[in-house]
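Structure first, then comments.
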Amino acid sequence: MRLAEALLHALKERGAGAVFGIPGDFALPFFKVMEETRILPLHTLSHEPAVGFAADGAARIGSTLGVAAVTYGAGALNMVNPIAAAFVEKSPVVVVSGAPGRHEGASGLMIHHQGKTLDSQFRIYQEITCAQARLDDPATAPAEIARVLGACKAWSQPVYLELPRDMVSAEVSAVGADPVLAVDDAAVAAAAEEVLARLKAAKAPVLMVCAEVRRHGLESKVAELAQRLGVPVVTTFMGRGLLSAAPTPPLGTYLGVAGDPEITRLVEESDGLFMLGAILCDTNFSISKEKIDMRRSIHAADRRVTLGYHSYADIPLDRLVDALLARLPVSTRTGTNRGQEAPTGLNPDDGPIHPMDIARAVNDLARMSGPMPIASDIGDCLFTAMDMLDDGLMAPGVYAGMGFGVPAGMGAQAVTGRRMLIVVGDGAFQMTGWELGNCRKLGLDPIVVVFNNTSWEMLRTFQPESGFNDLDDWRFAEMAAAMGGDGVRVTTRGALRDALAKAHATRGRFQLIEAMIPRGVLSDTLARFVAGTKRTHTPQPG
Ligand SMILES: Cc1ncc(Cc2csc(CCOP(=O)(O)OP(=O)(O)O)c2C)c(N)n1
Ligand SMILES: [Mg+2]
């Protein structure tokens, strides 16, 4: 079969639900095969950052492969930012970039779209993917595809495939199974036994769950593990929402100085913190006044288990969880989510809108109609989303790049059909919000709440004296109809409630609610985060 078809079948067999992309002359042959064969649905968008975010959203919502297809240079290099975010946030996105034909460089002339050299792009993507291949040999291409897609699944990180345009129709054999990555059963057993011994010896063990539990589809097994371990459970910022329906649900989300002081004390004073699937970074661990004592902690992520000063390599998270379960008796233990009750009971008066009013409005609707899956951008919308009831929250909480929310929410609905609630600030909406114009073509109808404070408010909280944080009022709601959706601008709590109810009742067109928020008004969590950051990063008097 043709190389392009072999690749598309391999992607579909490994769980990909669609390809998101923008073509160019180096990618036209591949896009032609996609359109003609329909092996996977092809969804084109308007700007490559959104292609990357949409593929990431598709990967996260289904814990499966997301696929982004772009042209060489101008397209692929436009997508570096979202793929870097997917890399650090463990999202399995497959980048397929068109490229000049195998012999086009022989002319000695520069090729349009190229960077420093024809290899520059490959090297750039080596920095933000876990495996790469240039598919320039029909004899090796199927095995290379299996190797790279296997790595994408095993590491739950993006990978890069470069497809020269003269190779698209090359005759190849079908792509076989992913190569099996060797795992030493004895090492898995030793790691599991040492983890259990450490937890048993600890006076105050805590289980902390994070992103990799979701990415590797381990949530139900980890819920069972939490029940059998019988220790307090918390999530990280990136793990929020995990185990919420478990028999022993998390007590809450660890947000350092920005979070519930009880949860912070539990984590930071633990002498046996077991971080399962945790991404160790400042935003995910928030701004902690006390450093978490890694000497007394256990960290299982990135196919490695680290206990104090020593590590077990090549220990996949699923194998570790299975080994732990095999060594623990079944339990009927149950627990309650002591975490703060989600704020509800919006007062539908003529008062101005506070971010927490948006959380209350969303939660009131969730109490009536069930929670929606949420895609959040960076900004106070994400801190507010910490207080929203959701059926899965996706957000760039580690990389913290803007522009994720709208395209990721569109990508998620495109591959699951689940209607998304998208929360986004006005600054981030200015970046990728216009992708909503593709909803009509793609048959998507997300509900989008724009937190419009006409400001880069998160930056203003750290540098209030800078006027460049002021944004103009773009009146986004007025543009919705021209783009195929419905838009409404609301300035009071009552209007917000009514707009959300109407949006929820309207299907088939995207619904844009532009919630006007006074500048300087922050969500409770962002206010704590800012105060905590200032306390932690500025020398205390005395
Ligand atoms: C791609 C990118 N470029 C710049 C920045 C830096 C930044 C972090 S937060 C922020 C302001 C966000 O404004 P928005 O109106 O969306 O939300 P809010 O603060 O609630 O008002 C900026 C510019 C990041 N993170 N990503
Ligand atoms: Mg703003």
Rounded to the nearest 0.5 Å, how far does OH of Tyr72 lie from CG of Leu163?
-> 13.5 Å
Report the C-alpha separation of Val93 and Leu65 in whole Å, then their side-chain angles, then the decisive distance to 0.1 Å, and conclude whether the side-chain contact (heavy atoms from CB on, under 4.5 Å) test is met.
-> CA-CA 6 Å; Val93 174; Leu65 300 187; over 6 Å; no
Residue pair Tyr160 / Glu162, side-chain donor-acceptor N/O under 3.5 Å | yes
Mark yes or no for whether Lys12, through its side chain, and Ile39, through its backbone, hold a donor-acceptor pair below 3.5 Å.
-> yes
Taking all heavy atoms of Gly427 and all of Leu471, pick out the closest pair and write down the distance.
-> CA-CD1, 3.8 Å
Within a radius of less than 6.0 Å around CZ of Arg507, do more than 12 heavy atoms belonging to other residues, nucleotides or ligands occur?
-> yes
Return yes if some donor-acceptor pair links the side-chain N/O of Arg528 with the main-chain N/O of Ala258 below 3.5 Å, else return no.
-> yes
Exercise: do Ser455 and Arg460 side chains pair donor with acceptor under 3.5 Å = yes
What is the distance from atom CZ of Arg240 to atom CD1 of Ile374, rounded to the nearest 0.5 Å?
-> 7.0 Å
Sidechain-backbone polar pair: Ser63 side chain, Arg214 backbone, donor-acceptor under 3.5 Å = yes
Would you call Pro250 and Leu242 a side-chain contact if the rule is heavy atoms closer than 4.5 Å?
-> no
When rounded to the nearest 0.5 Å, the distance separating CG of Leu346 from CE of Met356 is 11.5 Å
Side chain to side chain contact (heavy atoms under 4.5 Å, CB included), paired with Pro49, selected from Asn78, Asn81, Ile83 | Asn78
For Phe451, ring-ring contact (aromatic ring centres under 6.0 Å, His included) partners two or more places apart = none
I would like to know whether Ser523 and Asp380 meet side chain to side chain donor-acceptor pair (under 3.5 Å); could you show each step before the answer?
-> CA-CA 7 Å; Ser523 69; Asp380 200 10; 2.6 Å; yes
Closest heavy-atom pair, Ala4 versus Val33, reported as atoms and distance to 0.1 Å, is CB-CG1, 3.8 Å
How far does OG1 of Thr235 sit from CG of Leu276, to the nearest 0.5 angstrom?
-> 12.5 Å
Measure the shortest side-chain to side-chain distance between Leu161 and Val148 over non-hydrogen atoms and say whether it is less than 4.5 angstrom.
-> yes
So ring pair (Phe, Tyr, Trp, His ring centres under 6.0 Å) across residues 497-524, not counting sequence neighbours, yields none
Which pair of heavy atoms, one from Gln132 and one from Phe122, lies closest together, and at what distance?
-> CB-CZ, 3.5 Å
Do any pairs count as a ring pair (Phe, Tyr, Trp, His ring centres under 6.0 Å) and have a residue in residues 342-373, sequence neighbours left out, and if so which ones?
-> none
Polar contact flag, side-chain donor to acceptor under 3.5 angstrom, Asp56-Ser91 = yes
Salt bridge check: are Lys32 and Glu35 linked by an N-O gap of less than 4.0 Å?
-> no
Do the ring planes of Phe462 and Phe529 sit parallel (below 30°), tilted (30 to 60°) or perpendicular (above 60°)?
-> perpendicular
What's the shortest heavy-atom distance between Phe87 and Cys130, and which atoms?
-> CE1-N, 4.0 Å
Side chain of Asn363, backbone of Pro343: donor and acceptor closer than 3.5 Å?
-> yes
Distance (rounded to the nearest 0.5 Å) between Thr491 OG1 and Met516 CE | 8.5 Å
Please tabulate, for side-chain N and O atoms in residues 16-26, each donor-acceptor pair with protein atoms closer than 3.5 Å (sequence neighbours left out).
| unit_1 | atom_1 | unit_2 | atom_2 | d |
| --- | --- | --- | --- | --- |
| Asp25 | OD1 | His112 | NE2 | 3.3 |
| Asp25 | OD2 | His112 | NE2 | 2.7 |

Under 3.5 Å, is there a donor-acceptor pair between the side chain of Thr236 and the main chain of Gly239?
-> yes
Quick one: side chain to side chain donor-acceptor pair (under 3.5 Å) partners of Thr44, sequence neighbours excluded?
-> Lys441
CZ of Arg489 to CD of Glu514: how many Å apart, nearest 0.5 Å?
-> 4.5 Å
Please check if the side chain of Thr461 supplies one atom and the backbone of Val530 the other of a donor-acceptor pair under 3.5 Å.
-> no
Provide the closest heavy-atom pair for Pro518 versus Pro352 in the form atom of the first, atom of the second, distance.
-> CG-CB, 4.4 Å
Do any N or O atoms from the side chain of Glu48 and from the backbone of Met79 form a donor-acceptor pair under 3.5 angstrom?
-> no
Taking atom types as modelled, is there a side-chain donor on Thr454 or Arg519 under 3.5 Å from an acceptor on the other?
-> yes
More than 12 non-hydrogen atoms from neighbouring residues, nucleotides or ligands closer than 6.0 Å to CD on Gln126, yes or no?
-> yes
Does a donor on one side chain sit under 3.5 Å from an acceptor on the other, for Ser97 and Gln121?
-> yes
Would you say Arg418's side chain and Gln413's backbone share a donor-acceptor pair under 3.5 angstrom?
-> no
Ion pair present between Arg360 and Asp357, side-chain N to carboxylate O less than 4.0 angstrom?
-> yes
Thr506 and Asp486: side chain to side chain donor-acceptor pair (under 3.5 Å), yes or no, with the steps?
-> CA-CA 9 Å; Thr506 308; Asp486 298 321; 5.2 Å; no
Is the side chain of Asp377 donor-acceptor paired with the backbone N or O of Gly403 at a distance under 3.5 Å, no angle test?
-> yes
Mind checking whether Trp474 and Phe429 have ring centres under 6.0 Å apart?
-> no
Side-chain (Glu457) to main-chain (Gly520) donor-acceptor, under 3.5 angstrom | yes
Please identify each residue that fulfils salt bridge (Lys or Arg N to Asp or Glu O under 4.0 Å) with Lys502, with sequence neighbours left out.
-> none
Can Thr432 and Glu435 be counted as having a side-chain donor-acceptor contact under 3.5 angstrom?
-> no
Verify the neighbour count for atom CG of Asp349: are there more than 12 heavy atoms of other residues, nucleotides or ligands below 6.0 Å?
-> yes
For the residue pair Ala495 and Val490, what are the closest heavy atoms and their distance?
-> O-CG1, 3.6 Å
So does Asp445 pair up with Arg419, basic N to acidic O under 4.0 Å?
-> yes
